[in-house]
2 protein chains.
Amino acid sequence: MLREFFLGFIKIHILHHAAKGPVYGLWLIEELGRHGYKLSPGTLYPVLHRLQEEKLLKTYQENVGGKIRKYYRTTSKGTRALSSIREKILELVGEITES
Amino acid sequence: MLREFFLGFIKIHILHHAAKGPVYGLWLIEELGRHGYKLSPGTLYPVLHRLQEEKLLKTYQENVGGKIRKYYRTTSKGTRALSSIREKILELVGEITES
DNA sequence: TAATCTATATCACGTTCCGATATCGGAAAA
DNA sequence: TTTTCCGATATCGGAACGTGATATAGATTA
């Protein structure tokens with residue numbers, strides 16, 4: 001319940017984290033979990049793939065301790081998208097916290 | 001594009017407005033349009049019905065100038081949901097606007 | 001009685017969500 | 001070397017959601 005309100009937040013978090021540094025699937029699941037957003041791999045991976053298709057994220061693989069990881073980072077388009085999303089959020093916050 | 005990030009915001013706006021006073025479909029479409037969120041009736045009405053099913057909104061009909069309007073207001077559950085969403089947004093904003 | 005206006009409702013189809021399950025690739029154990 | 005295990009990514013199938021287009025309905029105007 002209330003999931004439909006928060007799914008967008010989750011995606012924004014993903015963009016945000018991927019703008020700060022490389023992230024990968026399992027780490028995101030744990031990190032978002034720490035913020036109270038539970039999401040399953042069946043939700044996350046398709047989201048990552050879509051964001052990549054939309055050229056908001058780019059990816060590269062790395063072998064870490066023998067396991068292959070796919071790291072994601074924002075593209076410049078993704079960074080720009082994030083800024084415009086940030087603006088919209090501030091606007092929203094301004095509106096829904098005014099008397 | 002970027003729609004998937006904003007859809008949640010739209011729903012929050014709806015809750016917010018319905019918490020401040022009675023709202024109805026067409027008015028919401030116009031109001032949200034003013035904020036740069038375009039949405040068609042095919043999106044809005046199902047959302048209103050769902051929120052009503054989830055008992056976040058309640059509705060009543062009124063005859064206004066001969067036309068029947070369905071006004072929506074938040075229930076107390078809806079008001080509580082809105083508060084918790086507000087908290088989450090502030091948390092999100094805090095996180096994505098910090099260095 | 002037809003056309004118009006405001007407003008809500010629904011249809012059909014594609015997309016997304018999501019738990020469950022499968023798969024992968026390398027390391028270590030056997 | 002092959003089997004087992006583990007971190008990690010991928011996919012499946014059904015349900016839910018999103019959306020433009022279209023329908024419906026009542027009142028007013030022509």
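Proteins get letters first, then strands, A, B, ... in listed order; numbering begins at 1 in each.
Closest heavy-atom contact between A:L56 and A:A81: CD2-CB, 4.0 Å.
One can place CD of B:Q61 at 14 Å from P of C:dA7, the figure rounded to the nearest angstrom. Atom pair B:Y60:OH and C:dT8:P shows a separation of 12 Å (rounding to whole Å applied). Between A:Y37 atom OH and C:dC18 atom C1' there is a gap of 19 Å when expressed in whole angstrom units. As a whole-Å value, the separation of A:Y71 OH from D:dG7 P is 15 Å. Taking atom OH of B:Y45 as the reference point, atom C1' of D:dT22 lies 14 Å away to the nearest angstrom. Here the P atom of nucleotide D:dG26 and the CD atom of B:E62 are 18 Å apart, to the nearest Å. In this entry the distance linking CZ of A:F6 with C1' of C:dT16 reads 19 Å, nearest Å. The interatomic distance linking B:R69 (CZ) with C:dC5 (P) rounds to 17 Å, in whole Å.
Between A:L26 atom CG and A:L44 atom CG the span is 8.5 Å, to the nearest 0.5 Å. In this structure, CD1 in B:I96 is found 9.5 Å from CZ in A:F9, a value given to the nearest 0.5 Å.
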- Query: salt bridge (charged side-chain N to carboxylate O under 4.0 Å, His left out) between A:E31 and A:R34: does it pass, once the steps are laid out?
  - Reply: CA-CA 5 Å; A:E31 172 66 14; A:R34 265 172 247 136; 2.2 Å; yes
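Using modelled atom types, no side-chain atom of A:T74 and backbone atom of A:L15 make a donor-acceptor pair closer than 3.5 Å. The backbone N or O of A:A19 sits less than 3.5 Å from a side-chain atom of A:R73, completing a donor-acceptor pair. Between the side chain of B:T43 and the backbone N or O of B:L39 there is no donor-acceptor pair closer than 3.5 Å.
Of the side-chain N and O atoms in A:K38, none sit less than 4.0 angstrom from OP1 or OP2 of C:dG19.
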For nucleotides 23-28 of chain C, which of its nitrogen or oxygen atoms have a protein nitrogen or oxygen under 3.5 Å away, and what is each distance?
from: C:dG26; atom 1: O4'; to: A:G66; atom 2: O; distance (Å): 2.8

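A:I68 and A:L48 fall into different hydrophobic clusters, where Ile, Leu, Val, Met, Phe, Trp and Tyr are joined by side-chain heavy atoms under 4.5 Å apart, directly or via other members.
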- Note on the structure: Heavy-atom contacts, protein to nucleotides 14-20 of chain D, under 4.0 Å, summarised as B (base), S (sugar-phosphate only) or - (none) per nt, yield ---SSBB
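With sequence neighbours left out, the salt bridge (Lys or Arg N to Asp or Glu O under 4.0 Å) criterion links A:K11 to B:E4. Taking B:E91 as the reference, B:K88 meet the salt bridge (Lys or Arg N to Asp or Glu O under 4.0 Å) condition, with sequence neighbours excluded.
Listed by first and then second residue, the ring-ring contact (aromatic ring centres under 6.0 Å, His included) pairs involving residues 33-64 of chain B are B:H13-B:H35, B:H13-B:Y37, B:Y60-B:Y71 (not counting sequence neighbours).
Shown for residues 22-30 of chain A: residues whose heavy atoms fall under 4.0 angstrom of DNA chain D, namely A:Y24, A:G25, A:L26.
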